[in-house]
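Worksheet: one structure, shown below.
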Amino acid sequence: MRTWRDGDGTLTVGTASGAGAGAGAGAGPGAAAGAREVPLRIAASYRARTRGLLGRDGIEGAMMLTPCGSVHTFRMRFPIDVAYLDRKFRVLAVRTMKPGRLGLPRLRARHVVEAEAGSMERWGVRPGVRVELRAAPATAPEAR
């Protein structure tokens with residue numbers, strides 16, 4: 001099982017059915033023709049997951065909360081699409097939530113991807129589809 005860290009990454013939709021969510025696979029040989037890549041913000045720490053999209057007026061791309069099985073939209077400023085993913089990054093459900101709502105927990109959900117309302121449909125994210133999530137490579141600190 002992979003350990004995620006806060007940071008940036010890429011969400012790839014339309015990957016080949018056998019492609020997993022490995023750190024090295026992606027737009028290269030593992031991605032299917034016509035795959036769509038979306039910028040991703042990863043929230044893996046308690047603090048980052050708690051903050052999520054609160055206080056933002058929108059998001060460019062998507063945000064992944066991990067581990068996560070349910071979300072709420074209290075104190076949010078805009079409606080969002082929520083995709084619940086299992087351990088193998090297969091989409092279990094996609095819901096559009098207006099601000100001030102409490103989502104039902106998904107028992108098999110391990111990760112949640114949030115984006116502005118309407119984004120998941122445009123990207124082709126729907127139940128049964130497998131997505132690929134890649135963290136951006138960590139940059140080494142500069143020597144002084």
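Hydrogens, waters and symmetry mates are skipped; everything else that's a heavy atom, side chains included, is used.
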Tightest non-hydrogen contact, residues R90 and G128, listed as NH1-O, 3.4 Å

Run through L92, L133, V125, V112 and flag the one making a side-chain contact (heavy atoms from CB on, under 4.5 Å) with L85. L133

Looking only at non-hydrogen atoms, find the nearest pair between A117 and T96 and report the distance. CB-CG2, 4.0 Å

CG of D86 to CG of L107: how many Å apart, nearest 0.5 Å? 12.5 Å

Is the shortest heavy-atom distance from the side chain of W123 to the side chain of V131 under 4.5 Å? no

Could you tell me which non-hydrogen atom of G103 sits nearest to which non-hydrogen atom of M97, and how far apart they are? N-CE, 3.4 Å

Contacts of type salt bridge (charged side-chain N to carboxylate O under 4.0 Å, His left out), residue D6, not counting sequence neighbours: none

Do any side-chain atoms of residues 64-74 form donor-acceptor pairs under 3.5 angstrom with protein atoms, and if so which ones, sequence neighbours left out?
from : atom 1 : to   : atom 2 : distance (Å)
T66  : OG1    : H111 : ND1    : 2.7
H72  : ND1    : F74  : N      : 3.1
T73  : OG1    : K98  : O      : 2.6
T73  : OG1    : G100 : N      : 3.1
T73  : OG1    : R101 : N      : 2.8
T73  : OG1    : R101 : O      : 3.3

Student check: side-chain heavy atoms of E37 and R134 closer than 4.5 Å: yes

Distance (rounded to the nearest 0.5 Å) between L53 CG and I80 CD1: 6.0 Å

So the salt bridge (Lys or Arg N to Asp or Glu O under 4.0 Å) pairs with at least one residue in residues 56-83 (sequence neighbours excluded) are D57-R77

Close side-chain approach of V82 to V113, heavy-atom, < 4.5 Å: no

Check side-chain hydrogen bond (donor to acceptor under 3.5 Å, both in side chains) between R122 and all other residues, then give those that pass, not counting sequence neighbours. S119

R95 side, atom CZ; Y84 side, atom OH - distance, nearest 0.5 Å: 8.0 Å

R106: partners by side-chain hydrogen bond (donor to acceptor under 3.5 Å, both in side chains), with sequence neighbours left out: none

Provide the closest heavy-atom pair for R130 versus K88 in the form atom of the first, atom of the second, distance. NE-O, 3.4 Å

For P127 and A93, which heavy atoms make the closest approach, and how far apart are they? CG-CA, 4.2 Å

Among residues at least two apart in sequence or on other chains, which ones pass salt bridge (charged side-chain N to carboxylate O under 4.0 Å, His left out) with R49? none

